[in-house]
Amino acid sequence: MSFLHDLMRPEMAFLRYALLVGALSSVALGIVGTMVVTRRISSLAGATSHAALGGIGAALFLQQIALPWCSPMVGAIVGAISAALVVGAVNLYAREREDTIINVVWALWMSIGLLFLNWTHGYVDWQGYLFGNILLLTQTEVYLTIGLDLLILVPMLLFYNSILTMSFDWTFAELRGVRVKVIYFSLLILTALAIVLLINVVGIILVIALLTLPAATAGSFTRHLWSMMLLSTILSGLFVVVGLIASYQFNLPSGPAIVVLASAVYLAGLGFNAWRKRC
Amino acid sequence: MSYIDQTIVELSHVSFGYEPGILTLDDVSFQIERGRSGCIVGPNGGGKSTLLRLLLGLLSPQKGELKVFGKNPSAVRQRVGYMPQYHQLDAAFPVTVLEVVLMGRMHRGFFGRYNQADHQSAKKALDDMGIGELTARSFSELSGGQRQRVLIARALASDPELLLLDEPTANIDPGAEEQFYNTLNILRQRMTVLTVSHDLGFVNREIDLVICVNRKVTIHEAAAFSAETANEVYHHQVNLIKHDHACFCNCEHRQVNPKMKEAQ
């Protein structure tokens with residue numbers, strides 16, 4: 001198989017990094033994706049991912065004029081976290097206008113980013129951010145992904161019962177002394193971080209699909225929160241790795257290849273469940 | 001008997017409004033002694049849920065004083081069991097019956113696994129509700145009545161002294177409802193039970209107090225509660241028959257409610 005052969009070639013380091021980051025990010029994807037799907041905050045996640053572009057634009061501009069340390073990654077993190085916290089606070093304190101605020105934040109942060117990109121001199125590969133550029137991954141992203149996985153996995157293992165109670169029944173969790181708001185905002189920050197990291201793999205536009213599809217597929221086959229997280233981690237890993245191999249083999253853009261595969265499996269899962277219920 | 005005399009809930013001149021100038025509850029005073037159970041009734045929007053949220057310490061009175069077990073409600077939450085309406089919860093959430101009931105054993109500052117005692121309490125609560133065989137089932141595949149019982153078991157798992165039930169008979173079929181009343185009568189012997197209900201038929205049951213909430217709160221001994229009292233609370237003719245059930249005829253308290261009978 002030419003893929004395996006190419007994978008071993010020294011000059012193909014980017015391919016190894018892409019596969020490694022893709023496989024490693026499945027832990028973050030599976031856990032965060034499950035939270036996004038079960039808490040029904042995928043529009044919040046959508047706003048968060050697009051808001052990252054606002055941060056990226058501002059960071060590129062600032063990097064050029066004054067602050068050399070202000071990398072697009074730093075900008076994306078600031079953009080995504082600020083958007084997640086604003087939308088999360090609105091979700092918590094003013095439910096009735098939630099969808100409006102989500103769309104305002106979504107559009108406003110993106111527009112700010114595009115304005116800054118306009119003022120930035122020279123060529124900016126903004127398409128790379130929208131659709132992902134897996135060729136640009138380096139060892140740094142491998143370490144960042146491992147760090148993010150631990151940042152998500154360790155609190156999840158420690159506070160699983162509190163997180164489960166809060167996700168299932170907010171009021172009851174509050175009555176039992178769970179610090180619901182601390183957990184909620186921590187989850188929002190972790191979701192934003194996961195989204196920023198995954199933008200490298202599939203881009204801003206497709207990150208929500210990769211976050212929600214494996215979890216939604218896993219949801220119809222599991223009856224515990226932890227098993228849903230585990231299965232969606234396995235599925236994410238499979239989708240990313242198989243999608244990357246297919247995109248390399250058939251010369252396809254990697255992001256869409258991964259998302260089409262994930263969608264196909266999700267639809268097949270829905271069909272299988274409908275068939276199983278009829279029997 | 002000082003045990004009986006102990007006051008569980010005490011409100012004095014409590015007022016609360018969500019918006020300035022509009023009071024949802026206005027100058028509310030009443031108290032409930034240990035061992036007495038009550039039913040909170042009143043029209044929609046009359047303040048039933050607000051009263052419940054005040055008792056749970058989720059809201060604080062803007063005026064007046066509210067004590068549960070003689071303390072601030074948020075300080076005694078571990079002694080209060082609460083059952084929400086099941087349709088407020090996500091029916092598709094991946095969680096089993098046992099996991100839901102174990103949530104009742106959640107403690108402040110507690111993280112990690114539930115211990116052996118927590119599992120035993122959860123199993124006992126499930127058996128008390130007569131649904132021990134559902135332990136391993138997925139919450140999402142249960143019927144409305146079964147879900148309601150799981151949520152009561154969750155409230156019982158914490159060994160509460162005060163049990164607050166929000167619309168326990170809403171959206172469940174009459175058979176399950178009858179079973180529920182039997183369960184409630186057993187629970188009343190163990191703890192103080194306050195039930196929110198829009199169902200006036202509920203009032204005829206073996207309940208001591210009727211707490212009528214419609215901005216103002218009036219409290220009646222259940223034995224003296226009549227169709228006329230109900231009409232006063234609701235400000236219009238209340239059709240008691242509509243809310244009533246076949247099992248009413250078997251209710252021991254029927255004879256002390258002659259006007260209820262007339263309404264039929």
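Here is how names work: the chains are called A, B, and so on, in the same order as the sequence lines, proteins then strands, and each is numbered from 1. All values below were derived from every heavy atom in this structure, side-chain atoms included, with hydrogens, water molecules and symmetry-related copies excluded.
- Contacts with chain A (heavy atom to heavy atom, under 4.5 Å) involve these residues of residues 152-165 of chain B, listed by number: R154(B), S158(B).
- In this structure, Q116(B) places its CD atom where only 12 or fewer heavy-atom neighbours from other residues, nucleotides or ligands lie under 6.0 Å away.
- The line from OG of S43(A) to CG of N91(A) is 8.5 Å long, rounded to the nearest 0.5 Å.
- Here the side chain of R147(B) pairs no donor or acceptor atom with the backbone of Y86(B) at under 3.5 angstrom.
- S227(A) does not touch chain B: none of its heavy atoms, backbone or side chain, sits under 4.5 Å away.
- Looking at heavy atoms from C-beta onward, L225(A) lies in side-chain contact with F93(B) at the 4.5 angstrom threshold.
- At distances below 3.5 Å, at least one donor-acceptor pair connects side-chain atoms of D118(B) with backbone N or O atoms of N115(B).
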Anything under 3.5 Å between a donor and an acceptor, one on a side chain of residues 94-104 of chain B, the other on a protein residue two or more places apart or in another chain? List them.
| from | atom 1 | to | atom 2 | distance (Å) |
| --- | --- | --- | --- | --- |
| T96(B) | OG1 | E99(B) | N | 3.3 |
| T96(B) | OG1 | E99(B) | OE1 | 3.3 |
| E99(B) | OE1 | H224(A) | ND1 | 3.3 |
| E99(B) | OE1 | T96(B) | N | 2.9 |
| E99(B) | OE2 | H224(A) | ND1 | 2.8 |

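- Of the atoms belonging to Y82(B), heavy atoms from both backbone and side chain fall under 4.5 Å from chain A.
- When S167(A), A173(A), G219(A) are compared by the number of non-hydrogen pairs under 4.5 Å with chain B, S167(A) comes out ahead.
- The backbone N or O of M129(B) sits less than 3.5 Å from a side-chain atom of R149(B), completing a donor-acceptor pair.
- Heavy-atom proximity under 4.5 angstrom to chain B picks out nothing from residues 181-195 of chain A.
- Looking at L58(B), only its side chain comes within 4.5 Å of chain A, counting heavy atoms on both sides.
- When atom types are taken as modelled, the side chain of K48(B) and the backbone of V41(B) share no donor-acceptor pair closer than 3.5 angstrom.
- Q146(B) and Q148(B) are not linked by any side-chain donor-acceptor pair at a separation below 3.5 angstrom, with hydrogens and angles left out of the test.
- Among residues 256-277 of chain A, no residue has any heavy atom closer than 4.5 Å to a heavy atom of chain B.
- Between the side chains of T195(B) and S197(B), no donor-acceptor pair is found at a separation under 3.5 Å.
- Side-chain contact of S232(A) with T34(A): a donor-acceptor pair under 3.5 Å is present, judged by distance alone.
- Side-chain contact check for V37(A) versus S42(A): every heavy-atom pair is 4.5 Å or farther apart.
- Here the closest heavy-atom approach between residue F30(B) and residue I32(B) is recorded as CE1-CD1, 3.7 Å.
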Practice problem: Under the salt bridge (charged side-chain N to carboxylate O under 4.0 Å, His left out) rule, what do D128(B) and R190(B) come out as? Steps first, then yes or no, please. | Solution: CA-CA 12 Å; D128(B) 283 352; R190(B) 272 165 50 188; 3.2 Å; yes
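- For the residue pair T165(A) / W170(A), no side-chain donor-acceptor distance below 3.5 Å is found, with atom types taken as modelled.
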